[in-house]
Amino acid sequence: MLENRSTPLLLEFNNVTIKRGSTNALQNVSLSVTLDENVAIIGPNGSGKSTLIKTITRDCYPQMDSNGSSVKILGETVWDVHCLRSMLGIVSSDLQQICDRRITGREMVLSGYFSSIGIYPHQYVTTQMRKSVEEVLELLEIASLGGRYMTDMSTGQARRMLIARALVHNPKALILDEPTSSLDPYASRKFLRSLSKITHTGRSIIMVTHHLHNIIPETDRVIMIKDGRIFADGSKDKMMDQTLLSELFSMHVEIQEKDGYYYLLV
């Protein structure tokens, strides 16, 4: 566990168990992440990665037991979900399906202030909000898409628009669940470069993925999950180990590094 107590904690899990039916999707997971870390959470399908993210976003709740199970986000165990989601920018494929509507990119980004999908008459939009929308669109180099309907965008364009929506209210961190799923190689690389750009604005990123090449060069730490448990946790350099990754994915693999990105060869 990489931990710097001089930096505030973004999240802290203590003996967290999450049940899905009769199965433990997470089993006695304990970890902490500080606000200055960029973290990748990797593991095979069904290992518990997405459940971990859903526990952070309060879509899943831990089983209470005598082991003192608890989840703290920004030091608090109790959150209003809408308030929490204004502190964390969340992007997932599930969200993208919900957001596939005939509203413009600018309206979609603006709706991030209200945790809605689109803008409604009762919502008061300020001049500063509109200014911030334009700044985020410029940061991600998608200002030209602002007037286009979400339904007319490619998957990669829409995904970057959702990143803008997540960023517009200046969250403490971005939470990304399999962010490049359904993207072609060109759109995937462009999206990952946008994420690298975001890390230089002082925001941290927690990314769930089972693809090594999604781990951006700015990632500090890699947490490996297998069978609902923490399998390994450490700096990216130490975790990008052929023997360790072969054990994680239960098959022989080789690793190749190029320009700060890692690739898994089987």
Side-chain angles (χ1 to χ4, degrees), residues 7-11 33-39 53-59 71-101 103-150 153 157-177 179 191 193-208 216 218:
T7 303
L9 289 175
L10 171 61
L11 62 93
V33 175
T34 59
L35 271 171
D36 62 350
E37 290 184 281
N38 295 311
V39 179
I53 289 295
K54 288 178 179 179
T55 307
I56 297 171
T57 60
R58 291 301 204 255
D59 291 308
V71 175
K72 290 185 180 180
I73 311 295
L74 297 168
E76 302 291 335
T77 55
V78 179
W79 277 93
D80 174 273
V81 173
H82 289 291
C83 183
L84 176 63
R85 289 176 182 176
S86 70
M87 304 291 284
L88 303 176
I90 302 163
V91 177
S92 66
S93 295
D94 289 345
L95 177 63
Q96 185 157 343
Q97 289 179 359
I98 296 169
C99 292
D100 188 25
R101 302 185 186 182
I103 55 179
T104 67
R106 278 189 179 83
E107 186 179 352
M108 179 58 68
V109 176
L110 195 56
S111 70
Y113 279 108
F114 307 100
S115 296
S116 60
I117 308 299
I119 300 298
Y120 296 88
H122 69 279
Q123 294 168 336
Y124 179 65
V125 177
T126 67
T127 300
Q128 182 57 48
M129 287 178 181
R130 294 190 184 279
K131 180 181 177 183
S132 296
V133 168
E134 296 307 316
E135 289 172 352
V136 172
L137 292 176
E138 288 292 340
L139 172 69
L140 298 180
E141 301 176 9
I142 52 175
S144 61
L145 299 174
R148 189 180 299 183
Y149 290 120
M150 293 293 291
M153 294 185 196
Q157 290 168 339
R159 193 73 50 85
R160 290 162 72 198
M161 200 61 71
L162 292 186
I163 286 285
R165 178 182 180 274
L167 285 176
V168 75
H169 50 68
N170 196 27
K172 298 287 187 181
L174 283 182
I175 310 294
L176 310 174
D177 190 2
F191 181 83
R193 285 176 176 165
S194 293
L195 296 186
S196 290
K197 200 170 182 179
I198 290 165
T199 64
H200 298 294
T201 68
R203 300 176 182 91
S204 59
I205 290 176
I206 298 177
M207 178 198 294
V208 158
I216 57 176
E218 292 79 6

So, taking the atom named OG1 in Thr104 and the one named CG in Leu110, what distance separates them when rounded to the nearest 0.5 Å? 8.5 Å
Counting distance only, does the side-chain N/O of Gln123 pair as donor-acceptor with the main-chain N or O of Tyr120 below 3.5 Å? yes
So CG of Leu10 and CD1 of Ile175: to nearest 0.5 Å the spacing works out to 6.0 Å
Smallest heavy-atom separation, Met153 atom then Leu145 atom, equals CE-O, 3.5 Å
Any side-chain heavy-atom pair from Met108 and Cys99 closer than 4.5 angstrom? yes
Closest contact, heavy atoms only, Ala164 versus Ile142: CB-CD1, 4.2 Å
Candidates Met161, Gln157, Arg101 - the one meeting side-chain contact (heavy atoms from CB on, under 4.5 Å) with Met150: Met161
What one should report as the nearest heavy-atom pair of Leu195 and Ile205 is O-CD1, 3.7 Å
Can you see which heavy atom on Ser111 is nearest to which on Arg165, and at what distance? OG-NE, 3.4 Å
Report the distance from atom CD of Glu218 to atom CD1 of Ile216, rounding to the nearest 0.5 Å. 5.0 Å
With heavy-atom distances below 4.5 Å as the criterion, would you say the side chains of Phe114 and Val125 are in contact? yes
Using only atom types and a distance under 3.5 Å, with no angle test, would you say the side chain of Glu76 pairs donor to acceptor with the backbone of Ile73? no
Leu167 side, atom CG; Leu174 side, atom CG - distance, nearest 0.5 Å: 5.0 Å
Taken to the nearest 0.5 Å, the spacing of Leu88 CG from Leu11 CG works out to 8.5 Å
Taking Glu107 for its side chain and Ile119 for its backbone only, find out whether a donor-acceptor pair lies under 3.5 Å. yes
Please report the closest heavy-atom contact between Val91 and Ala166, naming both atoms and the distance. CG2-CB, 3.9 Å
Between Gly89 and Pro171, which heavy-atom pair has the shortest distance, and what is it? N-CB, 3.5 Å
Taking side-chain contact (heavy atoms from CB on, under 4.5 Å) as the test, write out the residues that go with Glu141, two or more places apart. Arg160, Lys197
With the side chain counted from C-beta on, respond yes when Tyr113 and Thr126 share a heavy-atom pair under 4.5 Å apart, and no when they do not. no
So Leu9 and Leu35, do their side chains get closer than 4.5 Å, heavy atoms only? no
What distance separates Ile90 CD1 from Asp177 CG, expressed to the nearest 0.5 Å? 10.5 Å
Side chains of His169 and Met129: does their closest heavy-atom pair fall under 4.5 Å? no
From CA spacing to verdict: side-chain contact (heavy atoms from CB on, under 4.5 Å), Leu176, Ile53: CA-CA 8 Å; Leu176 310 174; Ile53 289 295; over 6 Å; no
